[in-house]
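Letters A, B, ... are given to chains in the order of the sequence lines, protein chains preceding strands, and every chain is numbered from 1.
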Amino acid sequence: MTAPLRRSPLHDRHVALGAKLAPFGGWEMPLEYADGGVLKEHAAVREDVGVFDVSHLGKVTVRGPGAVAFLNRCLTNDLDRVTAGQAQYTLCCDEAKGGVVDDLIAYRHADHEVLLVPNAANTTEVAARLRAAAPAGIDVVNQHQEYAVLAVQGPRSARALAALDLPTGHDYMSFATATRGGAAVIVCRTGYTGEHGYELVVPNALAGEIWDQLRTAGVRPCGLGARDTLRTEMGYPLHGQDMSPTISPVEARLGWAVGWKKPEFWGRAALVAEKEAGPLRTLWGLEAVDRAIPRPGMLVLSQGFPAGQVTSGTFSPTRKVGIGLALLEHPAGSPEGTEVEVDVRGRRARMKVVKPPFVPARVRDRT
Amino acid sequence: MTIPENLRYTAEHEWVSDAAGTEPVRVGITDFAQDSLGDVVYVQLPEPGTQVTAGESLGEVESTKSVSEIYAPVSGEVVARNDALNATPELLNSDPYGEGWLVEIRPSDAAAVSALLDAAAYRDLTEK
């Protein structure tokens, strides 16, 4: 029997807006809205501003003396590269094989407190692994259903938040805390769209009020459909597709999120060995030359021979071409700039191997 | 969902204009189909002159997220296709029964069209 799907505190608002809902990581979340659709919602984020309910994302607080030092012995990135008030993209890898258990954002509140935001489906696993490893005095608290997360993204996001008297203008990957009705709202300069944007971590009880105020400020509700086309245009990997327990960070070219100089983190031995030997396959962008859309699972051929597999793919609403990510074997060196073929349901479609993003990232833009 | 009375339908959510005998019929996807697909971004259709068989693949419609096969509602010859969909596939969403038509087929069997579902039968199917 499968567990009933969890719902966001904004569920009734999504239903009222005629959202198409779909299961995602054990949650029932909006895919697109009745007066929107993927293309309109995508364009709103690229050109104006949109809000995504991403309350399905996990929230795990790690608290206690030496919390940062403890996490630094577990997660791949070096938490000492950031200070209190900054967030960091990091990975939770498997100790034995180095595969990616999850990718997450770590919010460094203080040396003794870090908030982790893992993917919905992996939150329980990440929390369990940390709890099992935590020394006495460090608590790992899963607060998955206590907070909503609203991602306000797009060139007009700062103006929209300013209309709500929420802090804006802080640096990319840093966060500020506002007080709202006696409770703390975290406003972080992060996102998954490539635009200037913010992610708000909001206590459940305040979520509806903030959502309504964002709507009044003219922010368009956007669903997970547009979130996927936006992140694919940036080449941001999605856990479970482009990296996974069987696709390592070295293969997914996420070495930048690994603190290689750290003496200890889960999977270090396996990953260092893989990095030194050179990975057998790596993740690249594909841009269709022919009229075709690459889709996950499709075979990639180079000079007629199997060379890998598509892991993500969609139609780029901005570029108006098929784009995707693929794990490619390339014994003869970097495949960048070469032309490959993708088996699109029996047809061979030509695609160019490129280094993402497909659309320039504007995350650091000041607006 | 709009389901015009004057059309015929298939269980695969295609509509067929109700013409007499072996006059060419126009084929498209229903309002229900376009709504469940979401924004259409690519349409792949056969060249005029192609012979098609009822129930077999006629082409593909792709949205950002998925691909759907279009099945020939009747057997016959494709006599026209809507090339406007190359540049403006969104017509499939905005006007599925009008500007968003897909192909015209000359049925090989004069009785094939009237054997398809009528509007009431198709409505029953979508409400199940």
Side-chain angles (χ1 to χ4, degrees), chain A residues 18-22 24 29-46 222-233 238 241 288 290-298 310 312-324 342-347 349 358, chain B residues 1-2 12-13 29-48 50 52-53 55-72 78 81-97 99-100 102-103 126-128:
Chain A
K20 267 186 218 166
L21 300 164
F24 189 84
M29 299 302 291
L31 213 50
E32 59 178 46
Y33 293 86
D35 81 332
V38 172
L39 299 181
K40 248 188 218 172
E41 294 166 19
H42 181 105
V45 172
R46 286 275 177 261
C222 299
L224 297 183
R227 189 168 154 87
D228 194 57
T229 53
L230 289 157
R231 73 94 190 167
T232 306
E233 284 189 341
L238 174 64
Q241 285 185 203
D290 291 326
R291 217 178 133 81
I293 301 174
R295 304 281 184 186
M298 286 179 176
V310 176
S312 278
T314 188
F315 174 82
S316 162
T318 308
R319 300 277 313 282
K320 315 268 184 237
V321 292
I323 58 167
V342 174
D343 184 337
V344 179
R345 296 176 296 283
R347 275 179 292 131
F358 299 94
Chain B
M1 290 309 150
T2 315
E12 283 77 37
H13 307 285
I29 64 167
T30 65
D31 192 20
F32 179 90
Q34 73 76 21
D35 184 66
S36 40
L37 271 169
D39 291 340
V40 173
V41 293
Y42 272 156
V43 182
Q44 177 117 5
L45 297 169
E47 301 266 357
T50 307
V52 295
T53 307
E56 290 187 2
S57 177
L58 179 72
E60 287 172 357
V61 173
E62 292 199 58
S63 66
T64 51
K65 196 70 198 167
S66 64
V67 190
S68 290
E69 212 141 14
I70 314 274
Y71 300 96
V78 174
R81 74 172 173 191
N82 187 359
D83 285 328
L85 298 177
N86 277 335
T88 49
E90 61 270 25
L91 291 172
L92 238 76
N93 296 111
S94 60
D95 194 7
Y97 299 112
E99 296 294 307
L102 297 173
V103 291
T126 58
E127 283 167 5
K128 255 181 214 166

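- Here the closest non-hydrogen pair linking B:E62 and A:R295 is OE1-NH2, 2.7 Å.
- Contacts between B:E60 and chain A at a heavy-atom distance below 4.5 Å involve the side chain alone, from C-beta outward.
- With a 4.5 Å cut-off on non-hydrogen atoms, B:N86 touches chain A through its backbone and its side chain both.
- Of the listed residues (A:V38, A:D228, A:T229), just one forms a side-chain contact (heavy atoms from CB on, under 4.5 Å) with B:K65, and that residue is A:D228.
- Counting heavy-atom pairs under 4.5 Å between each of A:K40, A:H42, A:R345, A:K320 and chain B puts A:R345 at the top.
- Annotation for B:E12: atom CD counts as buried by contact number, over 12 foreign heavy atoms lying within 6.0 Å.
- Listed for the A:T314 side chain is a donor-acceptor partner under 3.5 Å among the backbone atoms of B:T64.
- Taken from CG in A:L39 to OG in B:S63, the straight-line distance is 9.0 Å, to the nearest 0.5 Å.
- Put simply, the side chain of A:R291 reaches to within 4.5 Å of the side chain of B:Y42, judged on heavy atoms.
- Interface check for chain B: of the options A:G313, A:P317, A:S316, A:A292, the most heavy-atom pairs under 4.5 Å are formed by A:A292.
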